[in-house]
A.B. asks: 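One structure is given below, represented as C-alpha cells, and several questions about it will come after.
The chain is numbered in sequence order, starting from 1.
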Amino acid sequence: MSTESPAAKEGQVTLESVAFDWWRELEHRRGDRAVMRRCGTVAEVAFAAPYHRILGRLRDAGIRTSRPDWLAAT
C-alpha cells in the first residue's frame, strides 16, 4: 500500500494532497493526535497547533482556502 497521496504521485499539489499528507503524519505524532481528538468544537480546532500546521502547509504550497472554518470543521 502506498503512503503517498494520489495527487502527489502525479506531481500535483492540491488541498487534498496536503491534507492527506498531514493526516498520514498524525500517525507518528501522538501528541498532535491527542490534541485534535480532545477538540470538541470547531473553535477549539481553530486554536489547535496541528490545525495551524496544516494551514501553514497550505499557504506554503500557494493554496488559499476561502473558508478555513470549513477545514477546521472537517
Side-chain angles (χ1 to χ4, degrees):
M1 183 169 113
S2 176
T3 59
E4 191 174 25
S5 66
K9 287 181 183 178
E10 297 173 10
Q12 300 172 1
V13 179
T14 63
L15 183 139
E16 292 82 6
S17 67
V18 172
F20 179 82
D21 292 341
W22 172 85
W23 176 77
R24 183 178 39 90
E25 289 175 12
L26 283 179
E27 185 174 318
H28 304 290
R29 299 182 78 134
R30 294 179 65 193
D32 285 356
R33 282 195 336 240
V35 167
M36 297 304 285
R37 187 174 46 247
R38 289 184 180 110
C39 291
T41 66
V42 174
E44 289 174 354
V45 171
F47 285 101
Y51 171 73
H52 285 275
R53 196 169 298 115
I54 192 172
L55 286 180
R57 288 183 183 186
L58 291 170
R59 183 184 57 244
D60 292 346
I63 299 169
R64 300 284 185 246
T65 177
S66 62
R67 295 295 308 263
D69 55 327
W70 288 5
L71 181 62
T74 303

A.B. asks: Identify every side-chain donor-acceptor pair in residues 67-74 under 3.5 Å, counting partners at least two apart or on other chains, and give the distances.
C.D. replies:
unit_1 : atom_1 : unit_2 : atom_2 : d
R67    : NE     : D69    : OD1    : 3.1
R67    : NH2    : D69    : OD2    : 2.7
T74    : OG1    : W70    : O      : 2.9

A.B. asks: Applying salt bridge (charged side-chain N to carboxylate O under 4.0 Å, His left out) as the test, list every pair that has at least one member in residues 37-56; sequence neighbours left out.
C.D. replies: D32-R53
A.B. asks: With the 4.5 Å side-chain cut-off for hydrophobic clustering, are W22 and F20 part of the same group?
C.D. replies: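 Yes, W22 connects to F20 through the hydrophobic network.
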A.B. asks: With a 4.5 Å heavy-atom cut-off, do C39 and F47 have their side chains touching?
C.D. replies: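 Not touching, per the 4.5 Å side-chain cut-off.
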A.B. asks: Determine all donor-acceptor pairs shorter than 3.5 Å in which one atom belongs to a side chain in residues 54-64; sequence neighbours excluded.
C.D. replies:
unit_1 : atom_1 : unit_2 : atom_2 : d
R57    : NH1    : E25    : OE1    : 3.1
R57    : NH2    : E25    : OE1    : 2.5

A.B. asks: Would a single hydrophobic cluster contain both L15 and V42, if residues Ile, Leu, Val, Met, Phe, Trp and Tyr are joined by side-chain heavy-atom contacts under 4.5 Å?
C.D. replies: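 Per the 4.5 Å side-chain linkage, V42 and L15 are not co-clustered.
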A.B. asks: Tell me the closest heavy-atom pair linking M36 and P50, and the distance in Å.
C.D. replies: SD-CB, 3.8 Å
